[in-house]
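Quick notes on the structure that follows.
Predicted model, so just to flag it, every value in this text is computed and none were measured. Counting begins at 1 with the first residue of the sequence.
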Amino acid sequence: MNLQRVDLNLLVHLDVLLREKNVTRAAEQLGITQPAMSNILRRLRKLFNDPLLVRSSEGMTPTERALELQPRIREILADLTQVLEPRTEFRPYSTSRVFRIMTSDYAEATLVPKLVKALRSEAPNVILDFLTPSDVSYRDMEQGRVDLAINRFNEIPQSFHQVLVWRDTFSCLLSSESPYANRFNLKNYLKAQHVWVSKTGMGVGFGVNPEKSGGLGSIDQALQRLGQKRQISVFTRHYQMPAMLAANKDLIATLPTRVAKMQANNDSIKMEEPPFFIPEFELTMAWSPLLQHHPAHRWLRQLIMHVARQIVDEEENPPQEIPVTNHLF
């Protein structure tokens, strides 16, 4: 193939077509007419010797070749953007950029407070817009409308960049007056009533079905593997609530250890290890390939990872308390 005769704009059009899977919507995105978009699709089919998008009962469906091309096209366009953009030095202290970050409630409780503190020092004029998983779709991220997502992902589009922030385990919170406080075993765990807390998926959330324990997350899946099921009385999507709810003598909250440690800060609440094995989970940071090489974005990612490492280091090596001594003068 003679590359000199290939119009690179076709790759931009292909990227939008594969994202929208609709000729009319793709034309609207690019500000051209629908017939012009249809003509471009014909040229793309000829270029790649493949139909790329075929009509089905669900609309336009990408072919196997198109699915193979999509992440590679995204990377090529991101690299071209980096090459063509003028090189400017990013100055964190003077920038007033708005960063839109999707965070789960778990990430907000554990990571965000120290991240904000670091940003107030490093970039005091930055504006932060934190969004919930229900506010954001993968399309928003793919198109760069959201800078980052920090979440526990079950799956994520192949084209996205991602990095592990940290791993965490689970712990249980219960009242120190609970009848199970001194005999915390699996049998008594199953006798108790429980608080379920989670909201990590992308998109608008819906009410849970208590009967479908396998769909309730890793805790209930771990119990299901043992042929057991807990009795859940309260469902919540906010990690601020479990400690207050666990103050009830008959309730137990099982939640990520980093959150549990933050909430088990009084004598009325006990923190215990779960009486059965629950696999640890990963907190991941993900972003669009369109933002991979942007200097401001790269700086923010590095800062987030620096703050995350500090949090983990402080947990593993807590500062030693200096004993108070009385001095006579």
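Sorted by first then second residue, the salt bridge (charged side-chain N to carboxylate O under 4.0 Å, His left out) pairs that include residues 116-132, not counting sequence neighbours, are R100-D129.
Here the options are I76, V16, L69, the test is side chain to side chain contact (heavy atoms under 4.5 Å, CB included), and the partner is L11; only I76 passes.
Neither side chain, E108 nor S104, offers a donor N or O lying under 3.5 Å from an acceptor on the other. Between N185 and Y180, the side chains place no donor N or O within less than 3.5 Å of an acceptor N or O (distance only, hydrogens not considered).
Using a 4.5 Å heavy-atom cutoff, the side chains of V307 and L111 are in contact. In this structure the side chain of S96 never reaches within 4.5 angstrom of the side chain of I127, judged on heavy atoms. Under the 4.5 Å side-chain criterion, counting only non-hydrogen atoms from C-beta, D168 is in contact with Y106. Contact check for M102 versus L148: no side-chain heavy atoms found under the 4.5 Å cut-off. With contacts defined as side-chain heavy-atom distances shorter than 4.5 Å, the pair T110/V259 qualifies. The shortest distance between side-chain heavy atoms of I101 and I150 falls below 4.5 Å.
In this structure, L223 CG and Q228 CD are separated by 7.5 Å, a value rounded to the nearest 0.5 Å. In this structure, the separation between CZ on R45 and CG on L41 is 4.0 Å, given to the nearest 0.5 Å. To the nearest 0.5 Å, atom CD of residue Q231 and atom CG of residue L190 are 8.0 Å apart.
For R91, the CZ atom sits in a loose shell: 12 or fewer heavy atoms of surrounding residues, nucleotides or ligands are nearer than 6.0 Å. Annotation for N49: atom CG does not count as buried by contact number, only 12 or fewer foreign heavy atoms lying within 6.0 Å.
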### Task
Please test R152 against S218 for side-chain contact (heavy atoms from CB on, under 4.5 Å), starting from the C-alpha separation and ending with a verdict.
CA-CA 11 Å; R152 295 156 54 188; S218 52; 4.1 Å; yes
### Message
Evaluate N125 against Y93 for side-chain hydrogen bond (donor to acceptor under 3.5 Å, both in side chains), listing each step before the verdict.
### Response
CA-CA 7 Å; N125 297 314; Y93 198 82; over 6 Å; no
### Task
Kindly determine whether R298 and H294 satisfy side-chain hydrogen bond (donor to acceptor under 3.5 Å, both in side chains), including the steps that lead there.
CA-CA 6 Å; R298 189 165 57 243; H294 195 286; over 6 Å; no
### Task
Go through F48 and L14 one step at a time and tell me if the side-chain contact (heavy atoms from CB on, under 4.5 Å) criterion holds.
CA-CA 11 Å; F48 290 101; L14 178 58; 3.7 Å; yes
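With sequence neighbours excluded, the residues satisfying side-chain hydrogen bond (donor to acceptor under 3.5 Å, both in side chains) with T254 are Y189. Checked against side-chain contact (heavy atoms from CB on, under 4.5 Å), S175 has the following partners two or more places apart in sequence or in another chain: E177, S178, K249. F130 meets the ring-ring contact (aromatic ring centres under 6.0 Å, His included) test with no other residue; sequence neighbours excluded. Applying the side-chain contact (heavy atoms from CB on, under 4.5 Å) criterion to L164, with sequence neighbours excluded, gives R167, E282.
For F170 and F277, the ring centers sit 6.0 Å or farther from each other.
With hydrogens and angles disregarded, no donor-acceptor distance shorter than 3.5 Å links the side chain of R139 to the backbone of E20. With D220 contributing its side chain and G217 its backbone, the two residues share no donor-acceptor pair below 3.5 Å.
Annotation: cation-pi pair R258/W166 present, NZ/CZ under 6.0 Å from the ring centroid and within 45° of its normal.
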Side chains of residues 267-276: which donor-acceptor partners sit under 3.5 Å, not counting sequence neighbours?
from	atom 1	to	atom 2	distance (Å)
S268	OG	N266	OD1	2.3
K270	NZ	A181	O	3.0
K270	NZ	E272	OE2	3.2

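When the side chains of ILVMFWY residues are joined at heavy-atom separations under 4.5 Å, either directly or via intervening members, L283 and L303 end up in a single hydrophobic cluster. The hydrophobic clustering, which links ILVMFWY residues whose side-chain heavy atoms are closer than 4.5 Å, places M37 and V54 apart.
The aromatic rings of Y138 and F160 stand perpendicular to each other, their planes meeting at an angle above 60°, with 30° marking the opposite boundary.
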